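Order of listing sets the numbers, starting from 1, for every ligand and every atom in it. Small disclaimer: the values here were computed from a predicted structure and weren't measured. Just so you know, these numbers use all the heavy atoms, side chains as well, and skip hydrogens, waters and symmetry mates.
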Amino acid sequence: MSERTLFGDLPRFAGGLQDLGGGVHAWMQPNGSWGESNAGLVLGDGESLLVDTLWDLLLTRRMLDSMRDATDEAPIRYLVNTHSDGDHCWGNELVSEARIISSRASAEAMGELTPADMARFARLGSVMLRLGGAPFVGPGRLRAAGRYLRRMQSPFDYSEITPTPPSQTFAGSLTLDVGGRDVRLIEVGPAHTAGDLFVHVPDARTVFAGDIVFLGSTPVMWAGPVEGWIAALDRLLELDVDTVVPGHGPVTDKDGARAIRDYWSYLNSEARRRFDQGMPALAAARAILRSPDFAAMDFAGWDCPERIAVNVNTIYRWLRGEAPGIGPLERVKVFVAVAQLAEELAGAAPPALHPPAGIRPLAPV
Ligand SMILES: [Zn+2]
(Lines give C-alpha, C1' and ligand atoms only; values in the text may rest on other atoms or scores of the structure.)
Protein backbone atom coordinates (compact mmCIF):
# COMPACT_ATOMS: atom_id res chain seq x y z
CA MET A 1 0.00 0.00 0.00
CA SER A 2 1.42 3.38 -0.91
CA GLU A 3 1.93 6.17 1.59
CA ARG A 4 -0.72 8.24 -0.13
CA THR A 5 -4.40 7.65 -0.67
CA LEU A 6 -5.76 7.10 -4.18
CA PHE A 7 -6.30 10.87 -4.34
CA GLY A 8 -2.75 11.64 -3.24
CA ASP A 9 -3.66 12.69 0.28
CA LEU A 10 -1.99 11.51 3.46
CA PRO A 11 -3.89 8.53 4.90
CA ARG A 12 -5.69 9.07 8.19
CA PHE A 13 -5.99 5.34 8.83
CA ALA A 14 -4.09 2.27 7.70
CA GLY A 15 -4.90 0.87 4.28
CA GLY A 16 -4.67 -2.68 3.01
CA LEU A 17 -5.57 -5.95 4.65
CA GLN A 18 -6.37 -5.80 8.35
CA ASP A 19 -6.79 -8.89 10.51
CA LEU A 20 -9.78 -8.22 12.74
CA GLY A 21 -9.36 -11.54 14.56
CA GLY A 22 -11.61 -14.58 14.56
CA GLY A 23 -10.93 -15.34 10.89
CA VAL A 24 -12.28 -12.01 9.68
CA HIS A 25 -10.29 -9.50 7.61
CA ALA A 26 -11.09 -6.07 6.28
CA TRP A 27 -9.63 -4.51 3.15
CA MET A 28 -9.31 -0.79 3.84
CA GLN A 29 -8.93 2.11 1.41
CA PRO A 30 -8.19 5.39 3.22
CA ASN A 31 -9.55 8.03 3.46
CA GLY A 32 -12.95 6.71 2.43
CA SER A 33 -13.62 9.38 -0.21
CA TRP A 34 -15.24 8.75 -3.64
CA GLY A 35 -14.49 5.14 -4.63
CA GLU A 36 -12.18 4.57 -1.63
CA SER A 37 -14.41 1.74 -0.46
CA ASN A 38 -13.73 -1.07 2.02
CA ALA A 39 -14.27 -4.79 1.53
CA GLY A 40 -13.85 -7.92 3.67
CA LEU A 41 -13.01 -11.59 3.90
CA VAL A 42 -14.60 -14.16 6.22
CA LEU A 43 -12.65 -17.40 6.52
CA GLY A 44 -14.29 -20.74 7.19
CA ASP A 45 -12.90 -24.25 7.16
CA GLY A 46 -11.63 -24.80 3.62
CA GLU A 47 -13.68 -21.99 2.08
CA SER A 48 -14.30 -18.27 2.46
CA LEU A 49 -16.71 -15.44 1.75
CA LEU A 50 -15.65 -12.16 0.16
CA VAL A 51 -17.60 -9.03 1.01
CA ASP A 52 -17.63 -6.72 -2.04
CA THR A 53 -15.22 -6.05 -4.88
CA LEU A 54 -13.88 -2.58 -5.80
CA TRP A 55 -14.44 0.14 -8.39
CA ASP A 56 -12.08 -1.19 -11.01
CA LEU A 57 -10.11 -4.29 -11.96
CA LEU A 58 -6.68 -3.02 -10.92
CA LEU A 59 -7.82 -2.21 -7.38
CA THR A 60 -9.72 -5.49 -7.07
CA ARG A 61 -6.77 -7.50 -8.37
CA ARG A 62 -4.47 -5.85 -5.84
CA MET A 63 -6.88 -6.75 -3.04
CA LEU A 64 -7.27 -10.36 -4.17
CA ASP A 65 -3.48 -10.73 -4.43
CA SER A 66 -3.00 -9.57 -0.86
CA MET A 67 -5.62 -12.10 0.31
CA ARG A 68 -3.91 -14.95 -1.52
CA ASP A 69 -2.21 -16.48 1.56
CA ALA A 70 -5.61 -16.95 3.19
CA THR A 71 -7.61 -17.84 0.08
CA ASP A 72 -5.14 -20.51 -1.09
CA GLU A 73 -6.20 -22.45 2.02
CA ALA A 74 -9.81 -21.32 1.92
CA PRO A 75 -10.88 -20.44 -1.66
CA ILE A 76 -13.59 -17.83 -2.08
CA ARG A 77 -16.82 -19.78 -2.43
CA TYR A 78 -19.19 -16.83 -1.93
CA LEU A 79 -18.98 -13.20 -2.99
CA VAL A 80 -21.59 -10.94 -1.40
CA ASN A 81 -22.22 -7.46 -2.81
CA THR A 82 -23.52 -5.15 -0.06
CA HIS A 83 -25.23 -2.95 -2.68
CA SER A 84 -25.35 -1.93 -6.33
CA ASP A 85 -22.76 0.90 -6.46
CA GLY A 86 -19.83 0.18 -8.77
CA ASP A 87 -17.24 0.76 -6.05
CA HIS A 88 -18.64 -2.39 -4.36
CA CYS A 89 -19.19 -4.68 -7.36
CA TRP A 90 -17.27 -3.72 -10.51
CA GLY A 91 -14.48 -6.19 -9.78
CA ASN A 92 -16.95 -9.12 -9.63
CA GLU A 93 -15.65 -10.69 -12.86
CA LEU A 94 -12.35 -11.50 -11.10
CA VAL A 95 -14.23 -13.73 -8.64
CA SER A 96 -16.62 -15.26 -11.15
CA GLU A 97 -16.00 -18.83 -9.99
CA ALA A 98 -17.65 -17.93 -6.66
CA ARG A 99 -21.38 -17.88 -6.09
CA ILE A 100 -22.21 -14.15 -6.27
CA ILE A 101 -25.04 -13.15 -3.95
CA SER A 102 -26.90 -9.91 -3.32
CA SER A 103 -30.39 -8.70 -2.55
CA ARG A 104 -32.85 -8.83 -5.44
CA ALA A 105 -33.26 -5.04 -5.29
CA SER A 106 -29.48 -4.53 -5.57
CA ALA A 107 -29.20 -6.96 -8.48
CA GLU A 108 -31.93 -5.02 -10.32
CA ALA A 109 -30.24 -1.67 -9.61
CA MET A 110 -26.81 -2.84 -10.80
CA GLY A 111 -27.76 -2.30 -14.43
CA GLU A 112 -28.78 1.33 -13.92
CA LEU A 113 -25.30 2.82 -14.14
CA THR A 114 -22.71 0.90 -16.19
CA PRO A 115 -18.91 1.31 -16.38
CA ALA A 116 -19.48 2.77 -19.89
CA ASP A 117 -21.83 5.40 -18.38
CA MET A 118 -19.21 6.22 -15.81
CA ALA A 119 -16.49 6.57 -18.45
CA ARG A 120 -18.81 8.95 -20.35
CA PHE A 121 -19.36 10.82 -17.13
CA ALA A 122 -15.59 11.22 -16.72
CA ARG A 123 -15.33 12.55 -20.29
CA LEU A 124 -18.19 14.93 -19.55
CA GLY A 125 -16.00 16.40 -16.81
CA SER A 126 -13.35 17.31 -19.37
CA VAL A 127 -15.93 18.81 -21.73
CA MET A 128 -17.42 20.89 -18.90
CA LEU A 129 -13.98 22.10 -17.98
CA ARG A 130 -13.38 23.31 -21.55
CA LEU A 131 -16.84 24.80 -22.05
CA GLY A 132 -16.72 26.46 -18.64
CA GLY A 133 -13.84 28.59 -19.89
CA ALA A 134 -15.92 29.90 -22.80
CA PRO A 135 -17.32 33.41 -22.41
CA PHE A 136 -20.90 32.35 -23.33
CA VAL A 137 -21.30 29.95 -20.41
CA GLY A 138 -22.22 31.00 -16.84
CA PRO A 139 -19.81 32.23 -14.17
CA GLY A 140 -17.53 29.26 -13.84
CA ARG A 141 -20.17 26.78 -12.65
CA LEU A 142 -19.54 24.29 -15.41
CA ARG A 143 -15.82 24.68 -14.98
CA ALA A 144 -16.10 23.92 -11.27
CA ALA A 145 -18.29 20.90 -11.95
CA GLY A 146 -15.89 19.65 -14.62
CA ARG A 147 -12.92 20.00 -12.32
CA TYR A 148 -14.74 18.16 -9.54
CA LEU A 149 -15.89 15.30 -11.80
CA ARG A 150 -12.43 14.88 -13.26
CA ARG A 151 -10.77 14.78 -9.86
CA MET A 152 -13.25 12.33 -8.33
CA GLN A 153 -12.71 9.88 -11.17
CA SER A 154 -9.01 10.37 -11.81
CA PRO A 155 -7.76 7.36 -9.76
CA PHE A 156 -10.05 4.84 -11.48
CA ASP A 157 -10.10 3.02 -14.81
CA TYR A 158 -13.56 1.95 -15.98
CA SER A 159 -12.41 0.45 -19.27
CA GLU A 160 -12.37 -3.33 -19.77
CA ILE A 161 -14.89 -3.94 -16.97
CA THR A 162 -17.52 -6.58 -17.73
CA PRO A 163 -20.37 -6.08 -15.27
CA THR A 164 -20.94 -9.43 -13.57
CA PRO A 165 -24.26 -9.57 -11.73
CA PRO A 166 -25.19 -11.84 -8.82
CA SER A 167 -25.99 -15.45 -9.62
CA GLN A 168 -28.21 -15.72 -6.55
CA THR A 169 -30.53 -13.13 -5.01
CA PHE A 170 -32.73 -13.00 -1.94
CA ALA A 171 -35.12 -10.68 -0.13
CA GLY A 172 -35.23 -10.22 3.64
CA SER A 173 -32.46 -12.33 5.05
CA LEU A 174 -30.32 -15.32 4.19
CA THR A 175 -27.94 -17.41 6.31
CA LEU A 176 -24.96 -19.03 4.63
CA ASP A 177 -22.74 -21.80 5.94
CA VAL A 178 -19.18 -20.73 5.17
CA GLY A 179 -16.95 -23.66 6.01
CA GLY A 180 -18.85 -24.44 9.21
CA ARG A 181 -19.66 -20.92 10.40
CA ASP A 182 -22.87 -18.97 9.95
CA VAL A 183 -22.83 -15.72 8.02
CA ARG A 184 -26.12 -13.79 7.97
CA LEU A 185 -27.10 -11.46 5.14
CA ILE A 186 -29.66 -8.90 6.30
CA GLU A 187 -31.40 -6.68 3.74
CA VAL A 188 -31.91 -3.18 5.16
CA GLY A 189 -32.57 -1.08 2.02
CA PRO A 190 -33.80 0.98 0.45
CA ALA A 191 -31.62 3.58 2.13
CA HIS A 192 -28.24 4.52 0.59
CA THR A 193 -29.30 2.54 -2.51
CA ALA A 194 -32.32 0.39 -3.38
CA GLY A 195 -31.10 -2.88 -1.86
CA ASP A 196 -28.45 -2.33 0.85
CA LEU A 197 -27.56 -5.29 3.03
CA PHE A 198 -25.41 -6.10 6.06
CA VAL A 199 -23.05 -9.07 6.30
CA HIS A 200 -23.22 -10.19 9.92
CA VAL A 201 -20.70 -12.67 11.29
CA PRO A 202 -22.24 -13.60 14.66
CA ASP A 203 -19.37 -15.70 16.04
CA ALA A 204 -16.91 -12.85 15.39
CA ARG A 205 -19.35 -10.22 16.71
CA THR A 206 -18.68 -8.28 13.52
CA VAL A 207 -20.84 -6.65 10.88
CA PHE A 208 -19.88 -5.36 7.44
CA ALA A 209 -22.28 -2.46 7.13
CA GLY A 210 -21.71 -1.52 3.48
CA ASP A 211 -22.48 2.13 2.78
CA ILE A 212 -25.05 2.34 5.56
CA VAL A 213 -22.03 3.44 7.61
CA PHE A 214 -19.60 6.07 6.35
CA LEU A 215 -17.12 7.36 8.90
CA GLY A 216 -15.12 10.57 8.59
CA SER A 217 -16.64 11.35 5.22
CA THR A 218 -20.15 12.63 4.57
CA PRO A 219 -22.57 9.88 3.49
CA VAL A 220 -24.34 10.03 0.13
CA MET A 221 -28.01 9.11 -0.16
CA TRP A 222 -28.97 8.25 -3.74
CA ALA A 223 -32.15 6.29 -3.00
CA GLY A 224 -33.58 7.06 0.43
CA PRO A 225 -35.87 7.50 2.17
CA VAL A 226 -33.88 8.98 5.02
CA GLU A 227 -36.22 7.21 7.46
CA GLY A 228 -35.13 3.91 5.86
CA TRP A 229 -31.48 4.77 6.50
CA ILE A 230 -32.19 5.62 10.14
CA ALA A 231 -34.14 2.35 10.52
CA ALA A 232 -31.18 0.45 9.03
CA LEU A 233 -28.88 2.02 11.61
CA ASP A 234 -31.30 1.10 14.39
CA ARG A 235 -31.22 -2.46 13.08
CA LEU A 236 -27.42 -2.40 13.28
CA LEU A 237 -27.51 -1.04 16.83
CA GLU A 238 -29.65 -4.04 17.85
CA LEU A 239 -27.08 -6.56 16.58
CA ASP A 240 -24.83 -8.28 19.09
CA VAL A 241 -21.59 -6.91 17.62
CA ASP A 242 -18.43 -5.13 18.78
CA THR A 243 -16.91 -4.40 15.38
CA VAL A 244 -18.46 -2.46 12.54
CA VAL A 245 -16.69 -2.31 9.17
CA PRO A 246 -18.04 0.70 7.30
CA GLY A 247 -18.32 0.91 3.53
CA HIS A 248 -16.04 3.98 3.69
CA GLY A 249 -13.79 5.04 6.57
CA PRO A 250 -11.94 3.32 9.42
CA VAL A 251 -13.13 0.24 11.32
CA THR A 252 -15.41 1.31 14.14
CA ASP A 253 -18.01 0.08 16.63
CA LYS A 254 -21.61 1.03 17.36
CA ASP A 255 -20.52 4.60 18.15
CA GLY A 256 -19.68 4.98 14.46
CA ALA A 257 -23.25 3.99 13.60
CA ARG A 258 -24.61 6.43 16.17
CA ALA A 259 -22.55 9.26 14.66
CA ILE A 260 -24.07 8.79 11.22
CA ARG A 261 -27.53 8.38 12.73
CA ASP A 262 -27.07 11.83 14.31
CA TYR A 263 -26.19 13.26 10.89
CA TRP A 264 -29.40 11.93 9.31
CA SER A 265 -31.68 12.96 12.16
CA TYR A 266 -30.28 16.47 12.04
CA LEU A 267 -30.35 16.78 8.25
CA ASN A 268 -33.85 15.36 7.99
CA SER A 269 -35.37 17.96 10.29
CA GLU A 270 -33.34 20.86 8.85
CA ALA A 271 -34.15 19.95 5.24
CA ARG A 272 -37.85 19.44 5.99
CA ARG A 273 -38.13 22.83 7.65
CA ARG A 274 -36.67 24.54 4.58
CA PHE A 275 -38.81 22.46 2.22
CA ASP A 276 -41.89 23.68 4.10
CA GLN A 277 -40.66 27.27 3.69
CA GLY A 278 -40.45 26.72 -0.08
CA MET A 279 -36.67 27.04 -0.25
CA PRO A 280 -35.06 25.31 -3.29
CA ALA A 281 -32.92 22.25 -2.55
CA LEU A 282 -29.51 23.75 -3.35
CA ALA A 283 -30.25 26.90 -1.37
CA ALA A 284 -31.37 24.75 1.56
CA ALA A 285 -28.19 22.64 1.38
CA ARG A 286 -26.07 25.80 1.35
CA ALA A 287 -27.98 27.40 4.23
CA ILE A 288 -27.66 24.29 6.40
CA LEU A 289 -23.95 23.99 5.64
CA ARG A 290 -23.37 27.63 6.62
CA SER A 291 -25.49 27.59 9.78
CA PRO A 292 -23.81 27.92 13.20
CA ASP A 293 -25.80 24.82 14.29
CA PHE A 294 -24.11 22.72 11.66
CA ALA A 295 -20.66 24.09 12.52
CA ALA A 296 -21.15 22.97 16.13
CA MET A 297 -21.86 19.35 15.18
CA ASP A 298 -19.26 16.57 15.24
CA PHE A 299 -20.01 15.73 11.60
CA ALA A 300 -19.14 19.28 10.49
CA GLY A 301 -15.52 18.10 10.23
CA TRP A 302 -16.23 15.17 7.92
CA ASP A 303 -14.75 15.14 4.41
CA CYS A 304 -16.88 16.01 1.38
CA PRO A 305 -19.50 18.13 3.21
CA GLU A 306 -20.67 19.23 -0.28
CA ARG A 307 -22.40 15.84 -0.64
CA ILE A 308 -25.17 17.46 1.38
CA ALA A 309 -26.44 18.66 -2.04
CA VAL A 310 -27.22 15.03 -3.01
CA ASN A 311 -28.76 14.34 0.36
CA VAL A 312 -31.07 17.36 0.49
CA ASN A 313 -32.08 16.69 -3.11
CA THR A 314 -33.07 13.12 -2.21
CA ILE A 315 -34.98 14.22 0.90
CA TYR A 316 -36.83 16.77 -1.28
CA ARG A 317 -37.65 14.15 -3.93
CA TRP A 318 -39.32 12.00 -1.28
CA LEU A 319 -41.15 14.98 0.23
CA ARG A 320 -42.49 15.81 -3.26
CA GLY A 321 -43.64 12.19 -3.61
CA GLU A 322 -41.44 11.57 -6.64
CA ALA A 323 -40.19 8.15 -7.70
CA PRO A 324 -37.15 7.19 -5.62
CA GLY A 325 -34.90 6.34 -8.58
CA ILE A 326 -32.56 9.05 -9.87
CA GLY A 327 -32.10 9.32 -13.65
CA PRO A 328 -28.74 10.01 -15.35
CA LEU A 329 -29.63 13.63 -16.21
CA GLU A 330 -30.69 14.44 -12.67
CA ARG A 331 -27.53 12.75 -11.42
CA VAL A 332 -25.46 15.16 -13.54
CA LYS A 333 -27.49 18.13 -12.28
CA VAL A 334 -26.95 17.05 -8.68
CA PHE A 335 -23.23 16.69 -9.32
CA VAL A 336 -23.10 20.23 -10.67
CA ALA A 337 -24.69 21.36 -7.38
CA VAL A 338 -22.20 19.27 -5.37
CA ALA A 339 -19.29 20.78 -7.29
CA GLN A 340 -20.64 24.28 -6.82
CA LEU A 341 -20.86 23.82 -3.06
CA ALA A 342 -17.36 22.34 -2.99
CA GLU A 343 -16.06 25.36 -4.88
CA GLU A 344 -17.81 27.78 -2.53
CA LEU A 345 -16.42 25.98 0.50
CA ALA A 346 -12.93 26.03 -0.96
CA GLY A 347 -13.29 29.76 -1.61
CA ALA A 348 -14.50 30.42 1.92
CA ALA A 349 -11.71 28.54 3.66
CA PRO A 350 -9.26 26.57 1.55
CA PRO A 351 -9.32 22.95 2.79
CA ALA A 352 -6.02 21.69 4.15
CA LEU A 353 -4.67 19.36 1.50
CA HIS A 354 -2.29 17.87 4.01
CA PRO A 355 -2.39 17.68 7.79
CA PRO A 356 -0.56 20.48 9.60
CA ALA A 357 3.13 20.03 10.25
CA GLY A 358 3.87 17.67 13.10
CA ILE A 359 1.08 15.22 12.30
CA ARG A 360 2.62 12.03 10.99
CA PRO A 361 0.76 9.79 8.57
CA LEU A 362 -0.14 6.30 9.69
CA ALA A 363 2.35 3.64 8.78
CA PRO A 364 1.48 2.15 5.40
CA VAL A 365 0.40 -1.49 5.40
ZN1 LIG B 1 -19.38 3.02 -1.64
Leu185 with Val51, same ILVMFWY side-chain cluster at under 4.5 Å: yes
Who passes ring pair (Phe, Tyr, Trp, His ring centres under 6.0 Å) against Trp264, sequence neighbours left out? Trp229
Using the side-chain contact (heavy atoms from CB on, under 4.5 Å) criterion, which residues pair with Ser291? Sequence neighbours excluded.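 By the side-chain contact (heavy atoms from CB on, under 4.5 Å) rule, Ser291 matches Tyr266, Asp293, Phe294.
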Considering residues at least two apart in sequence or located in another chain, which fulfil the side-chain contact (heavy atoms from CB on, under 4.5 Å) criterion with Gln277?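 Partners of Gln277 by the side-chain contact (heavy atoms from CB on, under 4.5 Å) criterion, ordered by chain and then number, come out as Arg273, Arg274, Met279.
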Is the closest basic N to carboxylate O distance between Arg331 and Glu112 below 4.0 Å? no
Is it the case that Thr193 and Asp196 place a side-chain donor and acceptor less than 3.5 Å from each other?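 Thr193 vs Asp196: donor-acceptor pair found between side chains.
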Neighbouring protein N, O or S atoms of the Zn ion (ligand 1) [cut-off: under 2.8 Å, no waters]: Asp87 OD2, His88 NE2, Asp211 OD2, His248 NE2
